[in-house]
Amino acid sequence: MTTAPDAATDTPPNFVREIIVADQQTGKHDGRVVTRFPPEPNGYLHIGHAKSICLNFGSAQEFGGRCHLRFDDTNPATEELEYVQSIQADVRWLGFDWGEHLYFASDYFERLHGHAVELIEAGKAYVCSLSADEIKEYRGNFYKPGTDSPYRNRSVEENLDLFARMRAGEFADGAHVLRAKIDMASSNINMRDPPIYRIKKATHHRTGDKWCIYPMYDFAHSLSDAIEGITHSLCTLEFEDHRPLYDWCVDNVSVPSKPRQIEFAKLNFTYILLSKRRLLQLVQQRVVDGWDDPRMPTLSGMRRRGYTAEAIRGVCERVGVSKHNSTIDISLLEHAVREHLNATSPRVMGVLDPLKLVLTNWPEGQVEWIEAPYFADDASRGARKVPLGRELYIEREDFKEVMVKGWHRLSPGTEVRLRHVGIIKCEEVVKDAAGELALLRCTLDMETRGGSAPGRKVKGTIHWLSAAHALPIEARLYDRLFLKENPGDVPEGGHFIDNMNPQALQVVRGAFVEPSLAGAAPGTRVQFERLAYFCVDPDSSKDLLVVNRTISLRDSWAKEEGKPAGKPAGKG
RNA sequence: UGGGGCGUCGGCAAGUGGUAAGCCAGCGGGUUUUGAUUCCGCCUACCGCAGGUUCGAAUCCUGCCGCCCCAACCA
């Protein structure tokens with residue numbers, strides 16, 4: 001009994017992999033592994049889908065199989081071409097490739113229809129003319145078995161005729177439905193003669209008006225899997241009750257293979273909402289700026305925000321695959337994002353809230369271009385030149401007029417290091433007429449140029465910009481979209497939108513970045529040293545760079561400062 | 001009054017009869033020209049509860065308890 005793949009891929013073992021390994025060992029499906037990712041094109045993909053994508057494509061990859069991308073487009077009322085395009089882009093961005101295997105359930109409409117006829121001919125399906133309400137009534141409930149439809153015993157001929165006329169468009173929506181004849185007394189309500197075809201006179205985004213009857217999920221999905229030779233059909237937990245019906249469909253129709261449905265728990269995160277219905281509301285009510293708003297948990301939103309595919313794949317891997325309904329701590333996602341960005345983002349300097357600082361002993365008009373490496377620990381990864389002049393901007397937050405214990409940035413009379421430059425001392429604090437802090441006058445210790453000097457030690461290093469060269473930017477600071485750990489937890493009479501974080505987006509104008517970023521392409525990711533990771537937004541123009549804060553750096557000082565006092569403050 | 005799942009550290013999650021991995025979070029410390037990164041420690045879980053089988057059980061059996069899903073002509 002060996003589960004060798006684990007060690008090789010460094011991914012934790014899980015029950016799905018175990019099943020596949022066991023199937024390969026027993027020679028089931030001749031050892032082939034064919035999976036599929038089957039989205040309905042009725043919305044954008046979000047991070048919850050990422051788990052399914054990684055599982056399906058990942059399993060196929062791992063076992064030398066293939067994974068199909070199949071659109072489950074059987075409900076023309078909710079589906080759109082825009083979604084089929086965005087879904088493909090997102091799956092590709094995540095790093096997966098379906099090769100030739102792009103399919104649509106709608107491509108099987110003719111064939112599925114044939115299988116429906118096959119069922120009718122075998123006496124295993126019938127046209128039911130009860131209304132939706134009546135069908136519901138006849139279905140019974142959890143405790144009461146259903147009762148047979150009065151149309152259950154229509155003759156094969158009549159069923160065939162009726163079904164043909166349904167297809168021909170002779171009847172209005174809802175007039176008839178084709179039902180599988182299974183067992184109205186089953187303890188599993190899905191088996192109580194489930195409808196498998198309904199009349200829906202709607203234009204389909206691919207088949208247009210060719211059809212006015214459409215197959216239902218259970219029938220279309222199971223047979224599509226079988227038609228494609230899917231071996232392992234991975235879906236989420238809520239479909240467990242559907243498995244008997246899935247198997248019934250495959251077993252009662254002449255399809256070339258017998259796939260196995262396996263259910264796993266879907267992904268959930270604290271502070272994130274992954275309900276398609278609700279995400280759609282956010283978009284439609286314009287609470288956000290679209291599906292790709294960087295505050296959205298959609299793959300397109302996260303991409304625009306600066307999250308990387310590697311990070312998202314990484315979380316999916318760490319999270320594992322099980323049958324528990326679980327909610328992952330959002331910090332795991334944040335960790336994965338920081339981890340990858342830390343390893344890949346060039347460091348540059350940007351100032352979000354500028355405070356002017358004058359180096360009084362720096363000659364007026366003199367500019368020095370300092371060579372600064374993009375990665376402090378690896379010079380081979382490149383460098384850029386940063387201009388240094390007499391007038392600088394530093395982060396307002398890095399100056400405190402009144403010292404506090406533990407503070408090691410700038411204060412009147414204290415020293416701090418200017419990154420890549422040397423040690424400066426704050427000699428004078430200048431205020432404006434209104435008494436507001438206007439600028440700092442400092443001196444640069446020329447003995448410490450470069451940043452260090454024997455015997456000199458300063459605890460703080462701050463970032464800065466040459467005022468004359470600083471590039472104006474618009475910084476969009478993003479934060480969690482919801483304040484509640486479970487955004488879907490809404491009090492009586494409340495709305496989930498009430499749980500939103502009004503500060504989830506703060507637009508900062510009047511921020512600056514070093515000139516090396518001039519003309520940076522949208523999608524460029526960098527770290528603003530000591531602040532956060534940023535990503536250049538497509539809204540940027542030649543006049544104004546727009547950057548999105550992907551995620552802030554961890555900040556143990558802020559945490560320290562925010563701590564409640566250990567003991568009552570001393571008096572006096 | 002039904003059926004289907006699931007219960008292992010704060011959050012995930014390994015473990016499949018031999019005496020509880022790992023990750024995230026949290027806490028403490030070292031290094032550091034990012035209070036970042038990194039490194040080193042700590043986080044002492046009686047495995048939902050109660051019985052039973054066994055030399056030995058998180059792992060097997062029984063009974064409870066708790067949580068999730070299911071009664072669309074949605075997927």
Side-chain angles (χ1 to χ4, degrees), chain A residues 1 6 12-14 18 38-40 42 72-75 77-79 128 130-132 135-136 139-146 173-179 186-192 194-200 213-214 216-218 220-221 235-244 263 265 269-270 276 315 317-336 338-339 342-343 347 349 376-377 406-409 417-423 448 450-452 458-463 527-532 552-561:
Chain A
M1 302 301 107
D6 302 348
N14 65 59
E18 266 172 34
E40 182 191 11
N42 66 349
D72 233 332
D73 55 349
T74 56
N75 183 1
T78 58
E79 299 155 5
C128 181
L130 252 23
S131 70
I135 287 182
K136 185 183 178 126
R139 186 154 34 220
N141 58 41
F142 292 153
Y143 315 110
K144 193 178 89 192
D173 288 14
H176 307 281
V177 76
L178 183 70
R179 293 226 252 169
S186 172
S187 55
N188 180 344
I189 293 180
N190 291 307
M191 299 298 268
R192 319 240 262 228
I196 54 176
Y197 259 94
R198 80 289 214 183
I199 299 171
K200 184 163 286 209
I213 57 172
Y214 293 92
M216 301 281 294
Y217 167 81
D218 293 287
H221 196 95
C235 64
T236 45
L237 249 28
E238 67 267 29
F239 291 104
E240 276 176 319
D241 286 338
H242 291 244
R243 194 181 339 122
E263 311 85 9
F269 284 103
T270 53
K276 248 189 196 177
V315 203
E317 194 166 287
R318 285 167 195 251
V319 149
V321 181
S322 76
K323 290 176 84 86
H324 295 114
N325 288 112
S326 60
T327 302
I328 278 66
D329 195 316
I330 191 65
S331 64
L332 183 68
L333 206 210
E334 297 176 340
H335 170 82
R338 288 198 182 98
E339 181 179 61
N342 173 52
R347 306 309 118 114
M349 293 192 286
D377 56 358
W407 179 255
H408 41 241
R409 274 111 99 159
R417 174 165 36 239
L418 239 36
R419 173 117 248 225
H420 302 120
V421 175
I423 297 173
T448 63
S452 58
V458 288
K459 285 192 187 136
T461 297
I462 64 174
H463 55 94
Q527 181 198 95
F528 282 13
E529 280 195 282
R530 306 207 310 126
L531 294 176
S552 60
L553 256 33
R554 295 186 58 175
D555 188 347
S556 60
W557 167 247
K559 191 187 279 183
E560 174 82 12
E561 215 177 18

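All values below come from the heavy atoms of this structure, side chains included, with hydrogens, waters and symmetry mates left out. In what follows, chains are A, B, ... by sequence order, proteins preceding strands, each numbered from 1.
- Under the Watson-Crick or G-U wobble criterion, with both distances below 3.5 Å, U19(B) has no partner in any strand shown.
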Pull out every protein N or O sitting under 3.5 Å from an N or O of nucleotides 64-69 of chain B, one pair per line with the distance.
unit_1	atom_1	unit_2	atom_2	d
C68(B)	O2'	Asn325(A)	OD1	3.2

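- Arg318(A) comes within contact range of the sugar-phosphate backbone alone, with a heavy-atom separation under 4.0 Å but no base atom that close.
- Straight-line distance from the CG atom of Asp329(A) to the C1' atom of G10(B): 9 Å, rounded to whole Å.
- Residue contacts for Ile213(A): at a heavy-atom cut-off of 4.0 Å it reaches no nucleic acid atom on any strand shown.
- Lys200(A) comes within 4.0 angstrom of sugar-phosphate atoms only, judged by non-hydrogen atoms across all strands, and of no base.
- Across Ile328(A), Leu333(A), Leu332(A), Ile330(A), a single residue satisfies side-chain contact (heavy atoms from CB on, under 4.5 Å) together with Thr270(A), and that is Ile330(A).
- Remark: the separation of the C1' atoms in C49(B) and G66(B) is 10 Å, to the nearest Å.
- Here Thr270(A) lies out of heavy-atom contact (under 4.0 Å) with every strand.
- Remark: Ser131(A) engages Asp133(A), Glu134(A) in a side chain to side chain contact (heavy atoms under 4.5 Å, CB included) (not counting sequence neighbours).
- At A75(B), one or more side-chain N or O atoms of Thr74(A) fall inside 4.0 Å of OP1 or OP2 (strictly under the cut-off).
- Distance from the side chain of Thr461(A) is smallest to U34(B) among U37(B), U34(B), A75(B).
- Atom P of nucleotide G48(B) and atom NE2 of His324(A) are separated by 10 Å, given to the nearest angstrom.
- The line from CZ of Arg554(A) to NE2 of His335(A) is 9.0 Å long, rounded to the nearest 0.5 Å.
- Taking the side chain as every heavy atom from C-beta outward, Leu531(A) and His463(A) approach each other to under 4.5 Å.
- For A13(B), the base is anti relative to its sugar; the glycosidic angle deviates from 0 by more than 90°.
- Within 4.0 Å of Lys136(A), counting heavy atoms only, lie sugar-phosphate atoms of the nucleic acid but no base atom.
- Side-chain atoms of Val319(A) lie closest to C12(B) of the nucleotides U34(B), C12(B), C24(B).
- Comparing the C1' positions of C47(B) and G4(B) gives a spacing of 25 Å, expressed to the nearest Å.
- Residue contacts shown for Gly406(A) include a base, since a base heavy atom lies under 4.0 Å away.
- Within 4.0 Å of Val315(A), counting heavy atoms only, lies no atom of the nucleic acid at all.
- Considering only the side chain of Leu553(A), U34(B) comes nearest among U34(B), C74(B), C73(B).
- Note that CG of Leu553(A) is 7.5 Å distant from CZ of Arg338(A), once rounded to the nearest 0.5 Å.
- With sequence neighbours excluded, the residues forming a ring-ring contact (aromatic ring centres under 6.0 Å, His included) with Phe528(A) are Phe534(A), listed by chain and number.
- As the counterpart of G41(B), C27(B) is assigned, both hydrogen-bonding distances of the Watson-Crick or G-U wobble pattern falling under 3.5 Å.
- The side chain of Arg347(A) approaches U34(B) more closely than any other nucleotide in the set U34(B), A36(B), G35(B).
- Taking the side chain of Ser556(A) as heavy atoms from C-beta on, and the options A72(B), A75(B), G35(B), the nearest nucleotide is G35(B).
- As judged by a 4.0 angstrom heavy-atom cut-off over every strand, Leu531(A) is placed among residues making no nucleic acid contact.
- Contact annotation for His463(A): no contact, since no heavy-atom pair falls under 4.0 Å across all strands.
- Under the 4.0 Å criterion applied to side-chain N and carboxylate O atoms, Arg318(A) and Glu339(A) are assigned as salt-bridge partners.
- In this structure, Trp557(A) forms an aromatic stack with the base of G35(B), since both conditions hold: centre separation below 5.5 Å and plane angle below 30°.
- Within 4.0 Å of Asn141(A), counting heavy atoms only, lies at least one base atom of the nucleic acid.
- Taking CZ of Arg347(A) as the start and NE2 of His420(A) as the end, the distance is 11.0 Å to the nearest 0.5 Å.
- Residue contacts for Glu334(A): at a heavy-atom cut-off of 4.0 Å it reaches no nucleic acid atom on any strand shown.
- Checking G2(B), G26(B), C74(B) against the side-chain heavy atoms of Phe142(A) singles out G2(B) as nearest.
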